[in-house]
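Here is how names work: the chains are called A, B, and so on, in the same order as the sequence lines, proteins then strands, and each is numbered from 1.
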Amino acid sequence: MTERAPPRKRAWTWRSQALRGLVYQLVAVSLIALAVWYLAQSTLANMAARGIQSGFGFLLQPAGFDIGESLIPYDALDPYWKAYAVGVLNTLRVAVVGIIFATLLGTILGVGRFSANAIVRGLCYAYVEVFRNVPVLLQLLMWYLLFADILPPITEAVSVGGLFFLSKNGLSFPVPVWVPGVGMALLGTLAGVVAAWFYRRWAIAKFEATGQIRSLFWVPIAIVVAGELLGWIAGGAPTAWDIPKPGGFVMQGGASATPEFLAVLLGLVLYTSAFIAEVVRAGIASVAHGQVEAAGSLGLSKPQSMRLVILPQALRVIIPPVTSQYLNLTKNSSLAVAVGYPDVVSIANTSLNQTGRAVECIALIMAVYLTTSLATSAFMNWYNRHAAIKER
Amino acid sequence: MHMKINNTKLALAIVAATSALVVAGPAQAGKTLDAIKARGELVCGVNTGLAGFSAADSQGKWSGLDVDVCRAIAAAVLSDGNKVKFVPLTAQQRFTALQSGEIDILSRNTTWTLTRDASLGLSFVGITYYDGQGFMVPVKTKVKSAKQLKNATVCVQAGTTTEKNLTDYSRTNNLNVKPIVFEKQEAATGAYFSGRCVAYTTDASGLASTRNKDAKDPKEHVILPELISKEPLGPVVRRGDDEWFAIAKWVIYGLVESEEYGITQDNVDKLKADSKDPVVMRILGTSEDTGKLLGLDKDWMARAVKTVGNYGEIFERNVGPKTSLALPRGINAQWNKGGLMYAPPVR
């Protein structure tokens, strides 16, 4: 129990520090408020004086332009807000997929820097130095030009087993034809995941109680696969796949990732993973060498000591800087407009030009990035607290 | 103690500066002509690079139809067609640059539409080129008509009327085309030439410019016969300065009327000295002083024609049949030669 500090004396005289502090703070706050008010006011007044229309009312009017790729059904007669929604989803799609791949690749590269094999160590080092020192916009353009130039036209699409096709249309792949049975298989998978999670909890509790080791990797995977198979059989074992085939100007059937999406994804993943690799390397290096020796003396194998001793401690150092890399990746996705990927910036650019509402459209872009960044960082802060040393 | 005084002074300074800003209030739209004269330079917004309309050569010298319009106005206003600062703008930047006062006039193959005219605080001063949107496809696709572009990918530049026309045409003809939208024109044409898109769409004049300047072999690309929209292109000024609006408008009319009455870059000096044609005399300011009514001097139009030639000469020099763009005069001919170029009389 610490001793409580004596209550501070607040003497509210004209010469007191407390009063001066209060006055300074009031002045600072009102100056900021005044500046914001003045900027907003004079912007609105100037726009009105020049006959420039303003307001967000345009969001309800029909957009009137098509969008190349969309995750939700979208028609040119839909209102502007829906076009924005398409753009936001496209941004999130490339950001989420990008974050997952960048984390995987970055971790592998970061761990690779500690490899006993000199070639692996050297390759990881070279990768990091090359990719983090070339501006990401150049990387995006390079990948896009490579894709657009090297990929064959649709009529001469390169096929892998007649299922996957690479062409100017991007990477086309088969998707299951949607029947209720597919839904059952998905439900089965979900049930398997839940069951696997309970199994893991039970196995850990059992290990802590009795010391019996059970696999925490293969058994859960087997449970998930079993759940999926059961659901699939219960759903009547549907086997129909929608397989793409080249036809005319487009690949008929299947689904495809466009060259624009692939270029943005590849550029962002390769660039960001170089930074993540450095963060991971720093995190691992921060774990005292004594921990490795201690793990070894307890009889843990090298992979075990990496997984059970080093990485959990390194994570505490890794999470905060990796969070800002995730934010960077999300924000860098705004460069997608350079290679024709219809992200939120591209949609906003088009609506800006159709409606002339420059201030509103830019404000919307800023709001979208601010929201996604704050949400990402809130999630990562939660995860950081989860991984941090629990003080009891 | 010393520190505290400094802090108080700083706070006072901030308060003073802020109130100065508040008192100054929003900037008033000044007289554009006075500003140009005081500056000694016309600031003209142009395309970042569209051969025939506005493009800079390796020495940084700008040329093109849109560029010549600005030079003509500079010649009329400042007595020197070279006193122009060209500001290259992308499609998205152009209106903001004009609204914010960064440029005096926007002469950048810009389509005149109701929305732009009525809601951006800008005014279109006239039409310098009657265009229409078309498609270009590689010859080897064997596409002969835009109606065959079913499900095709089409490269297009962002921030233009083109995207909307494309969508309208696609809906009307049930084509379901997929637009791939690029921020920069160079990126859009680059993707088209690499084969990412089946077709490239923009105004027909722009297609000709791209085909003849950027394609490895212009013969490998064909411009489809359909024009899917009306694209009247012309310069734009800010609203609220009627005098400047009138000057820009009448320089363009003057260039058109000079062609109609046979005043050319070569004969303008001679006609000024000895023409007895009353219309020519009015245009060249040898009888009435038409320039005075616009706030200019009487030689305004003579200088404009001397600098860039009449509208016909500007057309022939930049985009006409003898240039690499090889655009026919078509509907851009004079009204009495089957075209749409009709100038109200300079009188």
- Task: Would you check if the side chain of B/Ser54 reaches a backbone N or O of B/Asn47 as a donor-acceptor pair within less than 3.5 Å?
- Result: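 Yes, the answer is positive, given that a donor and an acceptor are paired below the 3.5 Å cut-off.
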- Task: Look at the side chain of B/Trp244 and the backbone N and O of B/Arg238, then say whether any donor-acceptor pair between them is shorter than 3.5 Å.
- Result: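 Not at all, since once roles are kept as given, no pair shorter than 3.5 Å links the two residues.
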So which part of [X] gets closer than 4.5 Å to some heavy atom of chain B, the side chain, the backbone, both or neither?
{"X": "A/Val345", "result": "neither"}
{"X": "A/Leu77", "result": "both"}
{"X": "A/Thr43", "result": "neither"}
{"X": "A/Ala63", "result": "backbone"}
{"X": "A/Tyr144", "result": "side chain"}

- Query: In terms of heavy-atom pairs under 4.5 Å, which option from A/Ala148, A/Ala338, A/Ser346 contacts chain B the most?
  - Reply: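 The answer is A/Ala148.
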- Message: For chain B, which candidate among A/Ala336, A/Ala49, A/Gly64, A/Gly68 shows the most heavy-atom pairs at distances under 4.5 Å?
- Response: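 Among the listed options, the one with the most contacts to chain B is A/Gly64.
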- With under 30° as parallel and over 60° as perpendicular, where do the rings of A/Phe261 and A/Tyr341 fit, or are they tilted in between?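 Rings of A/Phe261 and A/Tyr341: tilted, 30 to 60°.
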- Message: Is the ring pair A/Phe58/A/Tyr80 parallel, tilted or perpendicular, if the boundaries are 30 and 60 degrees?
- Response: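 Because their plane-to-plane angle is over 60°, the rings of A/Phe58 and A/Tyr80 count as perpendicular.
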Flag for [Y]-[X]: side-chain donor and acceptor within less than 3.5 Å:
{"X": "B/Thr201", "Y": "B/Gln133", "answer": "yes"}
{"X": "B/Asn165", "Y": "B/Glu231", "answer": "yes"}
{"X": "B/Tyr192", "Y": "B/His221", "answer": "yes"}
{"X": "A/Asp343", "Y": "A/Asn90", "answer": "no"}

- Quick one: which of B/Gln99, B/Arg196, B/Arg171 has the most heavy-atom pairs under 4.5 Å with chain A, could you say?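 Counting heavy-atom pairs under 4.5 Å, the top option is B/Arg196.
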- Option in B/Lys178, B/Lys164, B/Lys184 with maximal non-hydrogen atom pairs under 4.5 Å from chain A: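 Highest number of pairs under 4.5 Å: B/Lys164.
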Using non-hydrogen atoms only, which part of [X] is less than 4.5 Å away from chain A: side chain, backbone, both, or neither?
{"X": "B/Ala118", "answer": "backbone"}
{"X": "B/Ser170", "answer": "side chain"}
{"X": "B/Val143", "answer": "side chain"}
{"X": "B/Thr115", "answer": "side chain"}
{"X": "B/Ala187", "answer": "side chain"}
{"X": "B/Gln148", "answer": "backbone"}

- With rounding to the nearest 0.5 Å, note down the distance linking CG in A/Leu171 to CZ in A/Phe147.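 A/Leu171 atom CG to A/Phe147 atom CZ measures 9.5 Å (nearest 0.5 Å).
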- Message: Using the rule given for side chain to side chain donor-acceptor pair (under 3.5 Å), can you reason through B/Asp214 versus B/Thr189, listing the C-alpha separation, both sets of side-chain angles and the distance that settles it, and then say yes or no?
- Response: CA-CA 8 Å; B/Asp214 303 335; B/Thr189 53; 4.5 Å; no
